[in-house]
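Just so you know, these numbers use all the heavy atoms, side chains as well, and skip hydrogens, waters and symmetry mates.
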Amino acid sequence: MLGVLGVNPELNIRLREKMVLVEKRVDKKLEDLREICRENIILNTCNRTEVYFVYDEEETKDEILKILGWEDFKDYAFFYKDEKAAKHLFEVACGFDSLILGEEQILGQVKRSLERGRNLKSAGPVLNRLFLQAITCGKEFRTKAKLYEVPVSVASIVSKEIEKRGKKRILILGYGEIGRLCAKYLCSKHSLEKVYIAVRDLCKGENLGPKVLFVEFSFWRDYLKEVEVLISCTSSPHIVVKKEDVEGKKLLIFDLAVPRDVEEGALGVEGHYNIDEVSRMNEENLEERRTLMENNRAVLEKHVKEFTEWYRLREITPLIENIKNFAERVYKPRFERFKNKYRIDDVRTAELLFKSTADAFAENAIRVLKEEFLEGRGEECMRLIAKIFPG
């Protein structure tokens, strides 16, 4: 069976941050999960934690909760299986299940999750097929829906809000995926004067132009007096910005991390927004995206149907192979007798005629078998096919 166990991204951030997997521990979790699942992939982002797995026993779900440390939060986790699990991943890849509807980053995160599963050998044939088709679906969906015409992401929303408020000097804590996107959007604004980016390793700094300066993370507090906006998006499991760090300072704060970087109740600021509050900004663009996405939902449904049919038909794969082998066994001896009895000039063409005739019957039998199986009448059909095409 195929399953997915995860945290609802619409859950209150106070609960979500307690169920987050620290990125550096994901590989160990994948190894632990291999002991109880035939296949598994973890999709772990700043705002999403989901485990996709192939399993045999119903008790597997409870064992996964233990490995993830979610026993006390099981009422806040969702669990889907088989077709519903597959459909969920396709919706994720298309952006239907994101706080920022249709956001672009999730598709890259799905790709990286598959690569990690392959590298650790936790992804097998089912999850390989599922994730590859989800990636294909996400690409086709975005192209057909033309989502690129209505760009919406956490980074773009924050950038627009900063521009709208006329802020010119910014400090970014962290230079992961969100930090890079924030820097990219901000650097495109001509009105900005300075962007400081605090990183733990200065070697990771890039040349983003004269307005950008990379600084050592341990000294970030020294730059608070220079800026009007603080964007925090680290991967730290603990609070980074405490109340006393910002108290009395006229700052606009965006906390884009999960778990949160900024201590709750930080005072003396011009505004303090967490990732949930940011996601609710810019409603006009979100409504336009919602319409585009719903009008192109057929793309998603097509890919769900293709994967579901493949997944269900795996059960009859041995019988399909047997039908093909039977056709081979039928035509070869008959062709040999024909060849030995009659003098023919074009042996190759004659053999192709024998083979194509046998293959035509086999292909028709396979087509009928698949149709009957998908319509729920497979058991009787399999019995008859097995008699007609014995092993």
- What orientation do Phe307 and Trp310 show, parallel under 30°, tilted 30 to 60°, or perpendicular over 60°? tilted

- Task: Starting from the C-alpha separation in whole Å, work towards a yes-or-no answer on salt bridge (Lys or Arg N to Asp or Glu O under 4.0 Å) for Asp97 and Arg48.
- Result: CA-CA 10 Å; Asp97 197 58; Arg48 180 183 303 279; 2.9 Å; yes

- Message: Any non-hydrogen side-chain atom of Asn40 less than 4.5 Å from a side-chain atom of Ile64?
- Response: no

- Task: Indicate whether any N or O donor in one side chain lies under 3.5 Å from an N or O acceptor in the other, for Asn44 and Thr49.
- Result: yes

- Rounded to the nearest 0.5 Å, how far apart are CZ of Arg129 and CD of Glu306? 8.0 Å

- Sub-3.5 Å donor-acceptor pair from the side chain of Arg289 to the main-chain atoms of Leu147, do we have one? yes

- Any donor-acceptor N or O pair under 3.5 Å, side chains Asn128, Arg118: yes

- Task: Count the heavy atoms of every other residue, nucleotide or ligand shown that sit under 6.0 Å from NZ of Lys139, and state whether that count exceeds 12.
- Result: no

- Expected output: side-chain Tyr311 to main-chain Leu2 donor-acceptor under 3.5 Å: yes

- Approximate separation, where rounding is to 0.5 Å, of Tyr185 OH and Glu163 CD: 13.0 Å

- In sequence, state the C-alpha distance, the side-chain angles, and the governing distance for Lys66 and Asp62, and then conclude on salt bridge (Lys or Arg N to Asp or Glu O under 4.0 Å). CA-CA 6 Å; Lys66 288 180 184 177; Asp62 294 328; over 6 Å; no

- Message: Pair Val154, Cys233 - check side-chain contact (heavy atoms from CB on, under 4.5 Å), show working.
- Response: CA-CA 11 Å; Val154 168; Cys233 45; over 6 Å; no

- Between Lys324 (side chain) and Ala362 (backbone), is there a donor-acceptor pair under 3.5 Å? no

- Item | Short side-chain to backbone donor-acceptor contact, Arg25 and Leu21, under 3.5 Å | no

- Message: Surrounding CZ of Arg221 (heavy atoms of other residues, nucleotides or ligands, distance under 6.0 Å), is the total greater than 12?
- Response: yes

- Counterpart residues, side chain to side chain contact (heavy atoms under 4.5 Å, CB included), relative to Lys355 (two or more places apart): Glu328, Tyr331, Asp359

- Query: Does the pair Lys87 and Tyr80 meet the rule for a side-chain contact (heavy atoms from CB on, under 4.5 Å), with working shown?
  - Reply: CA-CA 9 Å; Lys87 185 175 182 179; Tyr80 305 138; over 6 Å; no

- Message: Looking at every heavy atom in both Lys243 and Gly265, which two are closest together, and how far apart are they?
- Response: CE-O, 3.9 Å

- Is Asp245 reaching over with its side chain to a backbone N or O of Lys242, donor-acceptor style, under 3.5 angstrom? yes

- Test item: Leu43 and Val92 side chains (from C-beta on) under 4.5 Å apart, heavy atoms: yes

- Message: Apply salt bridge (Lys or Arg N to Asp or Glu O under 4.0 Å) to residues Glu58 and Lys81 and explain how you reach the verdict.
- Response: CA-CA 11 Å; Glu58 290 294 341; Lys81 63 182 183 179; 3.6 Å; yes

- Message: I'd like to know if the side chain of Asp261 reaches the main chain of Asp255, judged simply by a donor and an acceptor atom lying under 3.5 Å from each other, with no hydrogens or angles considered.
- Response: no

- Does atom NZ of Lys225 have more than 12 heavy-atom neighbours from other groups under 6.0 Å away? yes

- Query: Phe78 and Asn8: which non-hydrogen atoms are nearest, and at how many Å?
  - Reply: CD2-N, 3.8 Å

- Note on the structure: Rounded to the nearest 0.5 Å, the SG atom of Cys37 sits from the NZ atom of Lys61 at a distance of 13.5 Å

- Please answer whether the main-chain N or O of Gly6 pairs with a side-chain N or O of Glu50 as donor and acceptor at a distance below 3.5 Å. no

- Task: Side-chain contact test, heavy atoms from C-beta onward, threshold under 4.5 Å: evaluate it for Gln133 versus Phe90 and give yes or no.
- Result: yes

- Interatomic distance, OH@Tyr273 vs CD1@Ile253, rounded to 0.5 Å, equals 11.0 Å

- Item | Atom pair CD (Glu91) and CD1 (Ile106), whose distance is rounded to the nearest 0.5 Å | 13.0 Å

- Message: Looking at Lys18, I want to see if its NZ is surrounded by more than 12 non-hydrogen atoms of other residues, nucleotides or ligands under 6.0 Å.
- Response: no

- Message: So, using side chain to side chain donor-acceptor pair (under 3.5 Å) as the criterion, who are the partners of Lys121 when residues are at least two apart?
- Response: none

- Task: Would you indicate whether the side-chain heavy atoms of Arg116 and Asp27 approach each other to under 4.5 Å?
- Result: yes

- Message: For Glu57, is the CD atom crowded, meaning more than 12 foreign heavy atoms sit under 6.0 Å from it?
- Response: no

- Query: Can you tell me how far the CD atom of Glu277 sits from the CZ atom of Arg280, to the nearest 0.5 Å?
  - Reply: 6.0 Å

- Item | N/O donor-acceptor pair under 3.5 Å between Glu216 side chain and Leu202 backbone | no

- Query: Just by distance, do the side chain of Gln109 and the backbone of Thr45 share a donor-acceptor pair under 3.5 Å?
  - Reply: no

- Would you name the heavy atoms of Tyr175 and Arg180 that are closest together and state the gap between them? O-NH1, 2.8 Å

- How close do Ile41 and Gly117 get, heavy atom to heavy atom, and via which atoms? CG1-CA, 4.4 Å

- Query: Taking all non-hydrogen atoms of both residues, which atom of Asp276 and which atom of Arg16 are closest, and how far apart?
  - Reply: OD1-NH2, 2.8 Å

- Message: Run the ring-ring contact (aromatic ring centres under 6.0 Å, His included) test against His303 and tell me which residues pass, sequence neighbours left out.
- Response: none

- Task: Flag the pair Phe338 / Tyr342 as yes when their ring centroid distance falls below 6.0 Å, and as no otherwise.
- Result: yes

- Message: A quick test of your reading: do over 12 heavy atoms of other residues, nucleotides or ligands sit less than 6.0 Å from CD of Glu228?
- Response: yes

- Between the side chains of Ser98 and Glu103, does any donor sit under 3.5 Å from an acceptor? yes

- Query: Do Arg367 and Asn364 have side-chain atoms, one donor and one acceptor, less than 3.5 Å apart?
  - Reply: yes

- Query: Got Thr234 and Phe217 here, is their nearest side-chain heavy-atom distance under 4.5 Å?
  - Reply: yes

- Query: Would the number of heavy atoms belonging to other residues, nucleotides or ligands and lying under 6.0 Å from CZ of Arg314 be above 12?
  - Reply: yes

- Among Val258, Val7, Asn12, whose side chain to side chain contact (heavy atoms under 4.5 Å, CB included) with Glu17 holds? Val258

- For residues Tyr196 and Arg169, determine if any side-chain heavy atom of one lies less than 4.5 Å from a side-chain heavy atom of the other. no

- Heavy atoms, side chains only, cut-off 4.5 Å: are Lys370 and Glu309 in contact? no

- Determine whether the aromatic ring centres of Tyr223 and Trp220 lie less than 6.0 Å apart. no

- Item | ILVMFWY network linking Met281 to Leu101, side-chain heavy atoms under 4.5 angstrom | yes

- Message: One pair to check against salt bridge (Lys or Arg N to Asp or Glu O under 4.0 Å): Glu161 and Lys164. What are the steps and the verdict?
- Response: CA-CA 5 Å; Glu161 189 67 16; Lys164 185 171 76 175; 3.3 Å; yes

- Message: If you count every heavy atom of other residues, nucleotides or ligands that lies below 6.0 Å from Phe79 atom CZ, does the total exceed 12?
- Response: yes

- Below 4.5 Å, heavy atoms only, C-beta onward: do Leu171 and Leu230 meet side chain to side chain? yes

- Where the side chain of Ser159 meets the backbone of Ala155, is there a donor-acceptor pair that is under 3.5 Å apart? no

- Closest heavy-atom pair, Ala85 versus Tyr52, reported as atoms and distance to 0.1 Å, is O-CE2, 4.1 Å

